[in-house]
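A short write-up of the structure that comes next.
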Amino acid sequence: MGTGERNREAHVPEGSGGAAAPRTLAEALRARGDDGLAALLRARPDLLSPVPNDLTQLATRAGTRASVVRALERLDRFALQTAEALAVAPDPAPYEVLLGLLTGDEGDATIEAALPRAVELLREQALVWGDDERLRLVRTARELLAPSPQHPSPTGLGPTVAEATSGMSPTRLQEIIATAGLGSTHDPVSAVTVLTELFTDRRRMGELLDTAPSDALTVLDRLVWGPPYGEVTANPAPPVRWLRDRGLLLPASPRTVVLPREVALHLRAGRAHRTPEPLPPAVAELRTYRPQVVDSAAAGQAHRALATVEELLREWNEGGPAVLRAGGLSVRDLKRTATALDLSEPETAFWVELAYGAGLLASDGEADERYAPTPDADTWLELPPATRWARLATAWLTATRTPGLVGGQDAKGRALSALGPELDRGVAPEVRHRVLTLQGTLTPGTSADPESVLARLQWDRPLRGTAQSGADLRARIATWTLTEAEHLGITGRGALSTHARVLLGLDTTGPTAPVAPLTPAELTARAALAAEAIAPLLPEPVDHVLLQADLTAVAPGPLERPLAEMLAVLADVESKGGATVYRFTAASVRRALDAGQTASDLHAFLAAHSRTPVPQPLAYLVDDVARKHGHLRIGAASAYVRCDDDAVLGEILADKRSATLRLRRLAPTVLAAQTDPATLLEGLRSMGYAPAGESAEGDVLITRAHAHRTPPRSAPAPVPDGPPTPDATLLGAAVRAIRAGDLASTVERKEAPQAPPHAPGELPRTSPADTLATVQAAAMTGSAIWIGYVNADGAASQRVIAPVRVEGGFVTAYDHTADEVRTYPLHRITGVAELADGAV
């Protein structure tokens, strides 16, 4: 027994054992078990919106153009090639014919082994129905995939002989078959038949082509794999004329000829596709590292991710950039934020979008609308580092926001801005999950070749999502995913980390086959486990710095929050990395004094948190700035300067740089200015002085950072790519409802002699008196009846009920359709009919 025969024996479609062949898709669905219906609804969730009344409605909905297009887009390449082959096969087509179109005359064991899975997939998704002797592609799918001049088939095949000769004169047909060496026929139909038989006979076609001029064979070679159309002149060349006279080329228009499908298949040795792809391309290895090296690199990136998001929240702490009128962040504000974070603009857009997607940033909703941290950001900052990272990672995995689009244009040519409303792409979570799980198919510590990952994605969904520019959106998102995963610490040196494997539900010790995306509850549970996995790899916060004589402080690791916040006020960050370097300046010390600190407070803080003695230059700097701080007092007149040392005021008046402040002496110790206090403060500070603000009571004003928070905001909900996949509970309920509705619509019933005939599926019509009499009789005998019912929303349905009580204009009955007891107003029952004996 050969390979193909063994596969054929194992390939038995559901519901085909001894039953009559289905005549329609609805009958094929009716022959399925509940598991088969649930599999269809799981694969095509758009069929559940709303739940179909019965299997006939389900079959109708499954054949609509929008639903079929969505289903075709979710097929892998070989399943799609199988559907394309069925589209050019006779309808219906035996399994052996389909196999021949994919393997050709020479056969292919790999295709023979893969084809049963592809056919079963198409059958499961209701794109193909019928047993193996009569495989039928649903009509809409055939229309979409079959060749036509307007929509060429991916197979490169053209129309059949019958289709290409449909408008040809009988005389011309007789001339063609005579030139081809065939006897004349009595009518055009038989002429097309004998010509088709010639082109499908391998031996006779071989003999005919043996007589062809070599130039004619060259013409066929150019058309054989498509496109099958070619332009000709009014007086074609001899090779083209030879082919046209024998029907090997047929006219498609006055200036165009086409290669008939049967001729192309003979030249291709029976194969519909030039390169069938029954197996997915393998994900290639790029480099291999020790898993510990990968995990350490990923943990380092995770630490950097947390530091970057914290710095972004700190940068926008007092209120971030304004919200554009159309929504989003302006290009100027994105550049300003990128400069503050010392990052490129694309990476800054990623972190801004990630913080927004995690619910840490939002717009404040005020009249002068601005972006700011949310109250949830303060809660997030108090969490352990590993938990904070897990929250960022899960937000990224599930977000439909696509920061890689920032800087591009939408379909109308408008610029796409960070935090703008047009960045959602429903396919993004699926692509991210697929890219990461494909990396998980490699040995831990091994990075994947990006080109092989993109090739595999293209095989998985060859028809999915194209961007406005025509480039493959899935490929672009996959490329961004590889970069973003490295930024976030999901991967390290291009390889999937152990904590990322835990988060995705993959094996941490070896290669893992790709898994389905996790449910929200599963992802939450896995996030807690991933936090436990990465926690030992993240550096512990330190409570000290190393002060140096050059007025710098080195933080040997991430600092504890109170220390980091105080040091951010007292010093400026000079460089970042494994160890952050802070620099103390007169301006930074003055900033701490403005925030309410005293010189003694700063000395005590530095001594308490330094592992080295406080350098003398730093102590002198603090004392010197503190001695001058507040010596000058600025208040509001418009503004004034007050100082106990009139010599200092005289020095200020004599300084040419003070001319723009328009100062004049009111008293020996007071100067008045023609500017506001804030401008006066900045002006004198730029001249080297250390003035302090003064309240109306004469007290020194303490300037602290005022945190600006939005009202409570939830993270933006992902915008799904079509209806979400239903859970088991919804699938079970939907299958029961469809079965019950199908029972009501197909149950055998008795027609009353006086009732007008009605079409199948049409609601019964009886008079109110007949309806009441039939329902009362059924309640007395305990029998079931068939009713038509219109609910309060105007939705009509058919039901099988067993009346229990009839009173007050209502009937209480056990509803076989809903499998529960219900009460129906009699005036909403359109009609009734008794069931045939044994129907329920």
Sequence neighbours left out, cut at 3.5 Å: what donor-acceptor pairs do the side chains of residues 203-215 make with other protein atoms?
from : atom 1 : to   : atom 2 : distance (Å)
R203 : NH1    : E207 : OE2    : 2.9
T211 : OG1    : L208 : O      : 2.6

For this session: For side chain to side chain donor-acceptor pair (under 3.5 Å), just list the numbers for Q174 and T185, CA-CA rounded to whole Å, side-chain angles, deciding distance to a tenth of an Å, and then say yes or no.
Result: CA-CA 7 Å; Q174 296 299 328; T185 63; 2.9 Å; yes
Problem set entry | side chain to side chain donor-acceptor pair (under 3.5 Å) against S166, all qualifying residues, sequence neighbours excluded | none
Exercise. What residues, two or more places apart in sequence or in another chain, satisfy side-chain contact (heavy atoms from CB on, under 4.5 Å) together with P45?
Worked result: P723, P726
For this session: Not counting sequence neighbours, which residues clear side-chain contact (heavy atoms from CB on, under 4.5 Å) with P152? List them please.
Result: none
Does [Y] offer a backbone N or O that forms a donor-acceptor pair with the side chain of [X] under 3.5 Å?
| X | Y | result |
| --- | --- | --- |
| T400 | V719 | yes |
| Q458 | L454 | no |
| R32 | A28 | no |
| T64 | R61 | yes |
| R425 | I477 | no |

May I ask you to check whether [X] and [Y] show a side-chain donor-acceptor distance below 3.5 Å?
| X | Y | result |
| --- | --- | --- |
| S169 | T171 | no |
| D245 | T179 | no |
| T725 | R42 | no |
| S190 | D187 | yes |
| E262 | T160 | no |

For this session: Provide the closest heavy-atom pair for I177 versus A191 in the form atom of the first, atom of the second, distance.
Result: CG2-O, 3.9 Å
For this session: Compare every heavy atom of L102 with every heavy atom of A85, then report the nearest pair and how far apart it is.
Result: CB-CD2, 4.1 Å
Exercise. Does the pair R202 and D105 meet the rule for a salt bridge (Lys or Arg N to Asp or Glu O under 4.0 Å), with working shown?
Worked result: CA-CA 10 Å; R202 291 284 189 267; D105 297 342; 2.8 Å; yes
For this session: Given salt bridge (Lys or Arg N to Asp or Glu O under 4.0 Å), test E27 with R30 step by step and report yes or no.
Result: CA-CA 5 Å; E27 289 186 7; R30 200 164 283 125; 5.6 Å; no
Throw together a table of side-chain donor-acceptor distances under 3.5 angstrom for residues 141-148, partners on residues two or more places apart or in other chains.
from : atom 1 : to   : atom 2 : distance (Å)
R142 : NH1    : A87  : O      : 3.0
R142 : NH1    : A89  : O      : 3.4
R142 : NH2    : L86  : O      : 2.9
E143 : OE2    : R139 : NH1    : 3.0
S148 : OG     : H151 : N      : 3.0
S148 : OG     : H151 : O      : 3.4

For this session: Begin with the C-alpha distance, continue with both residues' side-chain angles, and end with the deciding distance and a verdict on salt bridge (Lys or Arg N to Asp or Glu O under 4.0 Å) for R123 and D132.
Result: CA-CA 11 Å; R123 196 182 263 128; D132 279 2; 3.1 Å; yes
Problem set entry | Qualifying side-chain hydrogen bond (donor to acceptor under 3.5 Å, both in side chains) pairs with a residue from residues 268-277, counting only residues at least two apart or across chains | R77-E277, E84-H273
Exercise. For R172 and E175, what are the C-alpha separation, side-chain angles and deciding distance, and is it a salt bridge (Lys or Arg N to Asp or Glu O under 4.0 Å)?
Worked result: CA-CA 5 Å; R172 177 61 185 144; E175 291 175 354; 3.3 Å; yes
Exercise. Does D91 pair with R136 as a salt bridge, N-O distance under 4.0 Å?
Worked result: yes
For this session: Using a strict 4.0 Å threshold on nitrogen-to-oxygen distance, state whether R456 and D460 make a salt bridge.
Result: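 Yes, charged N to carboxylate O under 4.0 Å.
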